[in-house]
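Residue indices begin at 1 and follow the sequence shown.
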Amino acid sequence: MMRETHDNERPGAGGGKGMLRRAGRALFARRADGGVAGGLISAVLLSSLASLVPLIYHGLLEGGLILIGNLLLWPCLLAAAHRPRWRWPALGLMAALGVNLSASVVSAVYYDSRYGLAFALSSLDTSRSESMAMLFKFPLALIVPLGFFLLALSLANRHGAGLARARLGGGSGIAFVLWMLMLLAGSWQWGRASVPLAITTLSVSPGWNLATTSHAWWEKERFKALMADDYDFGKVTLSPDVPDDAVFVLVIGESQRRDQLSLYGYSRPTTPNLDARRDQLVVFDQAIAPAPQTVLAVPMLSSLMDPRTFSPRYLDANLISLANQAGMHTEWLSRQGLDITSERTWITAIAQRADVARTIMTEYDDGLLDALDEALARKVKGPRLIVLHLYGSHPPASLQYPDSLRYFLTPDSTSPLTDAYDDSIRFTDQVLEGVFQRLEGRHAGVLYLSDHGLEHDPLSDAYVHGGDRPSQAPYRIPLWLWQAGRGPNPEREMVHLREHARQPFASFDLPYLASDWMGIHFSGDKPCLSPWSACYQPRERHPVLDQLGRLNFFEDLPSDFLARPLAPGAEELEEAVEATTRLLESPDGLLDSASDGASSARAQSSGVTARETSAPITLSPPSLPSETPKD
């Protein structure tokens, strides 16, 4: 009795632990008395949660197929949790479906987009430090899979026994397998020939994001066999006017929005050093990125492929290989985090072509300045091309520069994300000034551009990569060229270049501009794609890719983040609600609609066609050295 009284008098730590144990048993202890109704309700609940994001972001058709698959799969999983031989495989699959859902939730919440090819490639290619930064920025990536798995485990333990006793799990499993076979047959009939059949089938299954990740992995593996040899550019010549000691520095920035550089008229002094050197620069006012993601953009701006010919098969026709064949010494110095010497990505595949390829493992981009000093001190023969790949303003921007160099971000900031982003641009400006100072007095020049910009949601002040419904904002990038003193190009050519710099320029044509800049000419060269050329004509329409790898045109995109259309499923639901509302308000509208349809049919039969809302798209030949693709 005294022991019992003693325990009751200590409700502290022991009582708390006991409460947790009781809550754990209540939530997760297996119960053999679960009913069929509770099991079915649990299956419907989990299926609905798992399918909500694809219903909104993939559209009602594709999302509906995913929902059907979930409705067939989850009764099987809940019942399998009460079968000893199937319990652990079922729990493993539940955890995997939680991770699958997490990818879509993170893409939807932070990017207002579905999880696509560019996101998957970035996930596969990311470094450990970047992964930790992303987890710090996106806590839902950990919360969602854990929370979903615990919910599924609790419902399975409490309500799955009824499904197991009624043998509904086995029937549901058989129905799910038959459903997947039907999807496989449909994929074989209507799937894309360029993508393996299994990937097309998985894209409308309960593991829909596994299809996207598998596609990214397949693309990564596929290009390895295509990069064994350098592309043969044919006859490659280097202008005799280029001095042997000339230094060409190509700087690839990261995630810079053109409209937030004071060089382009931004109200804040984000680029004071560039502003001071404005007279030494050729500033391109309307440069357009080919994609809103690094993994898609950098391969296009550094090789001869473009959004219409985007494929790993063209990666070997790149700027580094061209400079090598022209007899130049080449170096690629990167601060992107991946080890260039060991990692095999679309970007490192190009970087590895350089005579010297290094990843600079420093905390900030100013570590590239020491690497540049080493490169300039290296004894080489002939002109040299040095590529500096910055980490720039990659989200989260507050991690891309030292706290001691905060300028806009203060404890009292009302827009801390914008302030941090502007600070990162100002820090890049400081790094670039260090590049200029190291090159002054040499036969040297710098060509700078950002790989892409970012979307900015003014309501949340968030800066994110462009998604599957991008605006024009992440494609508007800064691009400029600098030389001073004994520059490698005559001043008369710089004056000529300035005349074209005011016109739109597609950055996937950068190799043609850069080759003219370096004095390189090659077989199949298309001089009219370079603003350096007298015959240059800017493209009337600029093809771009979204993060799913789909072809769009910059001119057709909405102007900013808030002007973007709704997600496909949300738009379809909105249209359905509006149509239902009209029908309820005026049932006679159906007769009017039928009458309009009949009138339209009569007009077509008489040879009258509706006026097209836009002119047909006319594209120039693919930007490749020859019209016949290389095998």
Side-chain angles (χ1 to χ4, degrees), residues 106-113 129-143 253-276 289 292-294 335-337 362-368 390-434 448 450-467 470-478 559-564:
V106 168
S107 299
V109 171
Y110 296 106
Y111 295 97
D112 190 20
S113 169
S129 59
E130 185 174 5
S131 298
M132 295 305 297
M134 290 295 101
L135 289 176
F136 171 77
K137 183 183 179 185
F138 306 140
L140 285 180
L142 292 176
I143 296 172
E254 170 69 59
S255 301
Q256 272 199 355
R257 290 165 53 95
R258 183 172 67 219
D259 59 359
Q260 286 183 239
L261 274 69
S262 54
L263 181 67
Y264 286 89
Y266 187 46
S267 58
R268 285 178 152 185
T270 52
T271 55
N273 293 298
L274 288 175
D275 297 340
Q293 302 274 347
T294 300
R335 237 275 299 163
Q336 286 278 315
T362 57
E363 191 171 3
Y364 305 113
D365 282 344
D366 52 5
L368 286 169
L390 309 182
Y391 208 56
S393 299
H394 191 285
S398 59
L399 302 181
Q400 309 313 332
Y401 59 94
D403 290 344
S404 60
L405 294 181
R406 287 182 178 179
Y407 185 85
F408 302 107
L409 183 62
T410 67
D412 301 326
S413 291
T414 57
S415 300
L417 297 180
T418 291
D419 292 342
Y421 185 73
D422 289 347
D423 275 342
S424 70
I425 295 175
R426 190 177 173 94
F427 180 63
T428 296
D429 176 75
Q430 179 175 310
V431 172
L432 291 170
E433 177 63 22
Y448 173 90
S450 183
D451 54 358
H452 59 81
L454 294 176
E455 298 276 19
H456 177 222
D457 180 359
L459 301 181
S460 64
D461 195 34
Y463 288 81
V464 297
H465 288 75
S471 71
Q472 292 181 350
Y475 299 95
R476 301 190 193 108
I477 58 171
S559 60
D560 56 44
F561 185 83
L562 296 181
R564 299 173 313 132

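Interatomic distance, OG of S267 versus CG of D259, reported as 10.5 Å (0.5 Å rounding). For the atom pair OG (S393) and OH (Y463), the distance works out to 10.0 Å, reported to the nearest 0.5 Å. S471 contributes atom OG, which lies 11.5 Å from atom NE2 of H456 (distance to the nearest 0.5 angstrom). A distance of 11.0 Å separates CZ of R258 from CG of L263, quoted to the nearest 0.5 Å. In this structure, the separation between NE2 on H394 and CZ on R335 is 11.0 Å, given to the nearest 0.5 Å. With rounding to the nearest 0.5 Å, the separation of OH in Y264 from OG1 in T270 is 11.5 Å.
Between S262 and T271, the shortest heavy-atom contact is OG-OG1, 2.7 Å. When all heavy atoms of I477 and S450 are compared, the closest pair comes out as CD1-O, 3.2 Å. Listed here is the closest heavy atom pair of Y475 and P470: OH-CG, 3.4 Å. Scanning both residues, A397 and Y421, for their nearest heavy atoms gives CB-CA, 3.7 Å. Closest of all the heavy-atom pairs between Q256 and Y448 is OE1-OH, 3.0 Å. Across all non-hydrogen atoms, the minimal contact from G466 to P474 is CA-CG, 4.2 Å.
Side-chain contact between T428 and L390: present, with at least one pair of heavy atoms (C-beta onward) separated by less than 4.5 Å. The closest side-chain heavy-atom distance from L454 to P395 is below 4.5 Å. You'll find the side chain of D365 stays beyond 4.5 Å of the side chain of E254, heavy atoms only. At a threshold of 4.5 Å between non-hydrogen side-chain atoms, the residues F427 and Q400 do not count as touching. In this structure, the side chains of R426 and F408 come closer than 4.5 Å at one or more pairs of heavy atoms.
Checked by atom type and distance alone, the side chain of D423 pairs as donor or acceptor with a backbone atom of Y407 at under 3.5 Å. No side-chain donor-acceptor contact under 3.5 Å links D560 to the backbone of Q472. Formation of a donor-acceptor pair under 3.5 Å by the D275 side chain with backbone atoms of P269 is not found in this model. Counting only distance, with no hydrogens or angles, the side chain of R268 and the backbone of Q260 share no donor-acceptor pair below 3.5 Å.
For the 3.5 Å distance criterion, the side chains of D461 and T418 qualify, holding a donor opposite an acceptor.
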Next item on the list: Mind running side chain to side chain donor-acceptor pair (under 3.5 Å) on S415 and D419 for me, showing each step along the way?
Entry: CA-CA 6 Å; S415 300; D419 292 342; 5.9 Å; no
Check: Would D403 and R406 satisfy salt bridge (Lys or Arg N to Asp or Glu O under 4.0 Å), going step by step from the backbone distance to the final call?
Finding: CA-CA 5 Å; D403 290 344; R406 287 182 178 179; 3.5 Å; yes
Checklist line | Candidate pair V464 and D112, rule side-chain contact (heavy atoms from CB on, under 4.5 Å), full reasoning | finding: CA-CA 9 Å; V464 297; D112 190 20; over 6 Å; no
Next item on the list: Before giving the answer on side-chain contact (heavy atoms from CB on, under 4.5 Å), spell out for Y266 and D422 the whole-Å C-alpha distance, their side-chain angles and the decisive distance to 0.1 Å.
Entry: CA-CA 10 Å; Y266 187 46; D422 289 347; 2.8 Å; yes
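The residue from H465, R564, R257 that alone fulfils the side chain to side chain contact (heavy atoms under 4.5 Å, CB included) condition with E455 is R564.
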